[in-house]
There are 2 protein chains.
Amino acid sequence: MSDLLERLRERGWRLTAQRRVVAEVLDGDHVHYTADEVHARATERLPEISRATVYNTLGELVSLGEVLEVSTDGRAKRYDPNAHHDHQHLVCSRCGTIRDVHLHGDPLSALPEPERFGFQVSEVTVTYRGLCPTCAATS
Amino acid sequence: MSDLLERLRERGWRLTAQRRVVAEVLDGDHVHYTADEVHARATERLPEISRATVYNTLGELVSLGEVLEVSTDGRAKRYDPNAHHDHQHLVCSRCGTIRDVHLHGDPLSALPEPERFGFQVSEVTVTYRGLCPTCAATS
DNA sequence: TCCTACATTGGACATTGTCTAAGTCAAGAA
DNA sequence: TTCTTGACTTAGACAATGTCCAATGTAGGA
């Protein structure tokens, strides 16, 4: 993650305690947190950090391409720090947990030209849904 | 759409003016409306219909499998009446318009067994994103 | 026609996200 | 090192979307 901070500095980012903490939280686990979860965890290390700053910082990380924004259910967006590897998501339909997965082949090629309706298609996301082992065991 | 009302009656639905109007709105165009857009259009035909009823009815249609809920951007969910045909979505990243598209092959097969992490995978959604012809022309 | 369980209503409330004005501070300049 | 300045942060108001509840209304069976 120190690479991340380094990359950001090179792009003219002013390096503040708040931004460092947000970056560290994202780097922590392999879970994808919501903005509020990021805020809660950031607060543990830097109690006075504000919600607005967390939202700002996440938005900046997304537009710099360092983090991906994932909205799987129309509830809170989740933030995926694994932006530099091409991957898709596997979501538990009960608890909302997200895992990164890797696919065979390129999903873009599954969309035939006549089905593109003149769109300039630039991106494709594939989301698998099901019960995670934990939720399946307690159902 | 009268088939839809018929199917719902068979399942014990009480047929009210409000539910009929919501169903008609969904059946109208081939666009996928947000709940508030459905409410706005329903209000034109039945001015006293309440927001809560629109939300309730949409929720019921979704759990009956008659309508699909699509959340493409973490903003308002959109409702897709085309639930009985297997299809995926093409979304304009500028204006949010959604088109239904049909794919070659089964996207489920692109997820190798070791990438399933013990999940009982039951569903897959594929979303293509890009600029629609209109937005591309004015960019 | 009458009953009653189901449906609707309006408004309060919850969650998630955005905006702004005022204060603060990182980092380059001197 | 200290100064300066514009980028950054803050608190809280506000906006958008969605949920819940108690009171009221009504579809459809008896």
Side-chain angles (χ1 to χ4, degrees), chain A residues 5-25 32-43 45-64 67-80 95-96 98, chain B residues 5-25 32-43 45-64 66-79 95-96 98:
Chain A
L5 294 179
E6 202 45 51
R7 282 202 298 280
L8 296 174
R9 199 203 310 266
E10 279 164 15
R11 301 204 215 178
W13 249 39
R14 187 172 289 184
L15 195 42
T16 66
Q18 290 83 349
R19 286 174 167 177
R20 203 184 335 254
V21 165
V22 169
E24 284 171 9
V25 167
H32 300 343
Y33 295 126
T34 65
D36 260 11
E37 287 167 351
V38 171
H39 180 231
R41 282 173 174 72
T43 299
R45 312 192 198 187
L46 191 64
E48 67 278 18
I49 192 171
S50 80
R51 245 164 38 91
T53 297
V54 171
Y55 276 99
N56 287 342
T57 306
L58 289 173
E60 287 154 4
L61 288 170
V62 169
S63 46
L64 289 176
V67 162
L68 287 177
E69 206 173 56
V70 187
S71 50
T72 56
D73 61 350
R75 302 297 305 250
K77 292 172 192 161
R78 289 171 182 270
Y79 293 88
D80 177 355
C95 67
I98 301 183
Chain B
L5 293 179
E6 203 44 54
R7 280 201 301 278
L8 295 175
R9 198 200 311 266
E10 280 166 14
R11 300 205 214 176
W13 245 39
R14 187 172 290 183
L15 196 41
T16 66
Q18 290 83 348
R19 287 173 167 179
R20 200 181 341 251
V21 165
V22 169
E24 283 170 10
V25 167
H32 300 344
Y33 296 125
T34 64
D36 260 12
E37 287 166 352
V38 172
H39 180 233
R41 282 172 174 74
T43 300
R45 312 191 197 187
L46 192 65
E48 67 279 17
I49 191 173
S50 81
R51 244 163 39 91
T53 298
V54 171
Y55 275 99
N56 286 343
T57 306
L58 289 173
E60 287 154 3
L61 288 171
V62 169
S63 45
L64 289 175
E66 295 290 345
V67 162
L68 287 178
E69 205 172 56
V70 187
S71 50
T72 55
D73 61 349
R75 302 299 305 248
K77 292 172 192 161
R78 289 170 182 271
Y79 293 88
C95 68
I98 301 183

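The structure presented is a predicted model; accordingly, all values stated were derived computationally and were not measured. By convention in this document, chain letters (A, B, ...) are assigned in the order of the sequence lines, proteins followed by strands, and residues within each chain are numbered from 1.
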Distance, rounded to the nearest Å, where [X] contributes [atom1] and [N] contributes [atom2]:
| X | N | atom1 | atom2 | answer |
| --- | --- | --- | --- | --- |
| B/Glu60 | C/dC6 | CD | C1' | 10 Å |
| A/Glu48 | C/dT24 | CD | P | 13 Å |
| B/Glu37 | D/dA16 | CD | C1' | 13 Å |
| B/Leu15 | D/dT26 | CG | C1' | 13 Å |
| B/Leu5 | D/dA27 | CG | P | 15 Å |
| B/Leu58 | D/dT17 | CG | C1' | 13 Å |

Considering heavy-atom distances to DNA chain C, does B/Leu46 or A/Trp13 have its closest nucleotide positioned more toward the 5' end?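 Final value for this comparison: B/Leu46.
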
Please tell me which of A/Ala52 and B/Arg14 maps to the more 5' nucleotide of DNA chain C, matching each residue to the nucleotide holding its nearest heavy atom.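 On the 5' side of the pair lies B/Arg14.
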
Side-chain N or O of [X] versus OP1/OP2 of [N]: is the shortest distance under 4.0 Å?
| X | N | result |
| --- | --- | --- |
| A/Tyr55 | C/dG17 | yes |
| A/Arg19 | D/dT9 | yes |
| B/Gln18 | C/dT9 | yes |
| A/Thr16 | D/dA7 | no |
| B/Ser50 | C/dT8 | no |

Check if the side chain of B/Arg51 and the base of C/dG10 share a donor-acceptor pair of N or O atoms closer than 3.5 Å.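 Looking at the base of C/dG10, it does not pair with any donor or acceptor on the side chain of B/Arg51 (distance under 3.5 Å).
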
Please check: side-chain N/O of A/Arg19 versus main-chain N/O of A/Arg14, any donor-acceptor pairing under 3.5 Å?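 Yes; judged by distance alone, with no hydrogens or angles, the pair exists.
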
Any side-chain to backbone donor/acceptor pair from B/His39 onto B/Tyr55? Under 3.5 Å, distance only.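 Flag not set: sc B/His39 to bb B/Tyr55 has no pair under 3.5 Å.
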
Quick one: do B/Glu66 and B/Arg11 satisfy side chain to side chain contact (heavy atoms under 4.5 Å, CB included)? Show the steps, please. CA-CA 12 Å; B/Glu66 295 290 345; B/Arg11 300 205 214 176; 2.9 Å; yes

If you look at every heavy atom in B/Tyr79 and B/Glu69, which pair is closest and at what distance?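 Scanning both residues, the minimum pair turns out to be OH-OE2, 3.4 Å.
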
For a quick check of understanding: with a heavy-atom distance under 4.0 Å over all strands, which category does B/Arg75 fall into, base, sugar-phosphate or nothing?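 Sugar-phosphate only.
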
Applying side chain to side chain contact (heavy atoms under 4.5 Å, CB included) between B/Arg78 and each of B/Ile98, B/Val38, B/Leu68, report the one that passes.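 In the set B/Ile98, B/Val38, B/Leu68, the residue that makes a side chain to side chain contact (heavy atoms under 4.5 Å, CB included) with B/Arg78 is B/Ile98.
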
